[in-house]
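Note sheet for the following structure.
Only a predicted model underlies this, so the values are computations on that prediction, with no experimental measurement involved.
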Amino acid sequence: MAKKAEASVEDRLRALYDLQLIDSRVDEIRNVRGELPLEVQDLEDEVEGLNTRLEKLATNLDLIDDQIKSKKNLIEEAKALIKKYTEQQKNVRNNREYNSLTKEVEFQELEIQLAEKHIKEFKVQIEQKKEVIDETKDRLKDRKTHLKHKRGELDAILAETQKEEEALIKKSEDFQKKLDERLVNAYLRIRNNVKNGLAVVPIERGASGGSFFTIPPQIQVEIASRKKVITDEHSGRILVDAQLAQEEKEKMEKMFSKL
C-alpha cells in the first residue's frame with residue numbers, strides 16, 4: 001500500500017512538472033510574439049482615428065463651403081435691396097423718407113462688408129483645414145505602411161506558432177485533468193504570483209530553481225523521496241528533484257518535437 005501511495009504522489013509530481021513544462025513552452029511562444037499584437041492593435045486604432053479625423057475635417061469643409069455660399073447669397077440680396085432703395089429715393093416726397101432709405105442702403109452696405117469679412121475668414125479656415133488634412137493624410141499613409149509591416153511580422157509568427165500553441169494549450173488542459181482540482185488551483189495561484197510563471201521548479205545546486213535560498217539537506221532528501229508535495233518556504237514554488245525534472249524534460253521534448 002505504501003508503495004502505491006508513493007507512486008501516486010510521484011505521478012502527481014511528474015504530471016505537475018509536465019504541466020509546468022507545457023505552460024512554459026506556451027509562455028516562450030507568446031514571448032516570441034512579444035508586444036506585436038498590442039502594437040498592431042494600437043496601429044489599427046490609430047489608423048481608425050485618423051480616418052475618423054479626415055471624415056470630420058471633410059464634413060467641416062462642406063459646412064464652411066455652405067456658409068460661404070450663404071454669405072454670397074446674402075451679398076447678392078443686399079445688392080438687390082440697395083438697388084431697390086436707390087431707385088425708391090428718386091421718388092421720395094420728403095427728406096424723412098429719403099433719410100430712411102439712405103439708412104437702409106447704409107445697413108445693406110454694412111451687411112455686405114460683414115459678409116465679405118466672414119467669407120475671408122472662412123477662406124482662411126479652409127486653407128488651415130486643408131493643411132491639417134494634408135498632414136493627416138501623410139500621417140495616415142505612414143501609419144498604414146507601418147501597420148502593414150507589423151501585421152506581416154505578426155502573421156508570419158502566428159503561422160509558425162499558432163498550431164503548436166493551440167496543441168500545447170490542449171495538452172495543458174489534459175494534464176490539468178490528471179490532477180485533483182485543489183492541486184491545480186494551487187499551481188495556477190503560484191504560477192500567477194511568481195516571476196516567469198514558474199510554479200514548479202527543480203532543485204539546482206542545493207537551492208530551488210531561480211532562487212538563491214538554500215534548501216536544507218533534510219528537505220532535499222524528502223523532495224528526492226517523492227512521497228509528498230513540498231513547497232519552497234521562500235518563494236512558495238512546488239519543488240521536484242533534479243533527476244525527475246531531467247527525465248520529464250527529455251520526455252516532453254520528444255512530445256514537443258511531434259507537435
Side-chain angles (χ1 to χ4, degrees), residues 26 29-163 165-166 169 192:
V26 173
I29 290 172
R30 290 174 177 171
N31 285 336
V32 169
R33 289 203 294 266
E35 298 295 319
L36 265 178
L38 289 176
E39 288 182 41
V40 169
Q41 183 62 57
D42 288 344
L43 284 167
E44 287 174 343
D45 291 344
E46 187 176 357
V47 166
E48 184 179 352
L50 289 169
N51 278 322
T52 300
R53 188 182 187 191
L54 283 173
E55 289 174 6
K56 288 182 177 179
L57 286 166
T59 300
N60 287 339
L61 280 180
D62 290 340
L63 289 173
I64 293 172
D65 281 336
D66 289 342
Q67 289 174 314
I68 289 175
K69 289 175 184 176
S70 175
K71 294 300 178 183
K72 285 182 177 179
N73 288 336
L74 189 151
I75 289 171
E76 291 305 314
E77 290 172 4
K79 286 180 178 179
L81 287 172
I82 289 172
K83 183 178 180 181
K84 173 185 173 183
Y85 297 143
T86 302
E87 288 297 321
Q88 288 178 355
Q89 282 179 325
K90 297 176 181 178
N91 301 312
V92 296
R93 290 169 293 181
N94 52 57
N95 288 338
R96 191 173 59 136
E97 289 182 11
Y98 185 87
N99 290 337
S100 177
L101 289 169
T102 299
K103 286 181 180 180
E104 289 293 339
V105 169
E106 290 174 350
F107 176 77
Q108 295 305 320
E109 287 175 343
L110 289 173
E111 284 286 294
I112 291 172
Q113 291 175 19
L114 185 60
E116 289 175 341
K117 178 185 176 184
H118 286 156
I119 288 172
K120 288 180 181 179
E121 291 172 350
F122 289 145
K123 287 182 177 179
V124 170
Q125 289 181 32
I126 287 174
E127 291 305 312
Q128 291 173 339
K129 289 187 183 297
K130 283 183 176 179
E131 287 181 12
V132 174
I133 287 172
D134 289 341
E135 291 171 2
T136 304
K137 284 182 177 179
D138 288 342
R139 176 72 176 172
L140 179 60
K141 183 180 178 182
D142 175 71
R143 295 292 84 190
K144 280 184 174 179
T145 301
H146 196 42
L147 174 58
K148 183 179 179 181
H149 174 69
K150 288 295 180 181
R151 271 182 180 161
E153 286 184 21
L154 182 58
D155 289 345
I157 292 173
L158 286 174
E160 293 176 4
T161 62
Q162 190 168 12
K163 183 179 177 182
E165 182 182 359
E166 289 172 355
I169 291 172
N192 289 331

If we ignore hydrogens and angles and just use 3.5 Å, is the side chain of [X] paired with the main-chain N or O of [Y] as donor and acceptor?
X	Y	answer
Ser70	Asp66	no
Thr59	Glu55	yes
Asn73	Lys69	yes

| query | Closest heavy-atom contact between Gln89 and Thr102? | reply |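 Closest approach of Gln89 to Thr102, heavy atoms only: NE2-OG1, 2.8 Å.
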
| query | Can you name the closest pair of heavy atoms from Leu57 and Thr136 and give their distance? | reply |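 Where Leu57 meets Thr136 most closely, the heavy atoms are CD1-OG1, 4.2 Å.
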
[atom2] on [Y] to [atom1] on [X], rounded to 0.5 Å:
X	Y	atom1	atom2	answer
Glu111	Gln113	CD	CD	10.5 Å
Lys117	Lys71	NZ	NZ	11.5 Å
Gln128	Ile64	CD	CD1	9.0 Å
Leu38	Arg33	CG	CZ	11.0 Å
Ile133	Leu140	CD1	CG	12.5 Å
Leu81	Glu109	CG	CD	12.0 Å

| field | Side-chain donor-acceptor pair present, Gln41, Asp45, cut-off under 3.5 Å | value |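 There is such a pair (donor and acceptor under 3.5 Å, judged by atom type) between the side chains of Gln41 and Asp45.
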
Should [X] and [Y] count as side-chain neighbours, where that means a heavy-atom distance under 4.5 Å?
X	Y	value
Gln88	Glu97	no
Asp65	Ile126	yes
Ile169	Glu165	yes
Leu50	Lys144	no
Lys150	Leu154	no

| Worked verdict on Leu147 versus Glu46 for side chain to side chain contact (heavy atoms under 4.5 Å, CB included) | CA-CA 10 Å; Leu147 174 58; Glu46 187 176 357; over 6 Å; no

| Taking it one step at a time, do Lys79 and Ile75 satisfy side chain to side chain contact (heavy atoms under 4.5 Å, CB included)? | CA-CA 6 Å; Lys79 286 180 178 179; Ile75 289 171; 3.7 Å; yes

| query | Going through the checks in order, is the salt bridge (Lys or Arg N to Asp or Glu O under 4.0 Å) test met by Lys84 and Glu104? | reply | CA-CA 10 Å; Lys84 173 185 173 183; Glu104 289 293 339; over 6 Å; no

| request: Take the angle between the ring planes of His146 and His149 and call it parallel below 30°, perpendicular above 60°, tilted in between. | output: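 His146 and His149: parallel rings.
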
| query | Which residues pass the salt bridge (charged side-chain N to carboxylate O under 4.0 Å, His left out) test with Glu127, sequence neighbours left out? | reply |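 Residues passing salt bridge (charged side-chain N to carboxylate O under 4.0 Å, His left out) with Glu127: none at all.
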
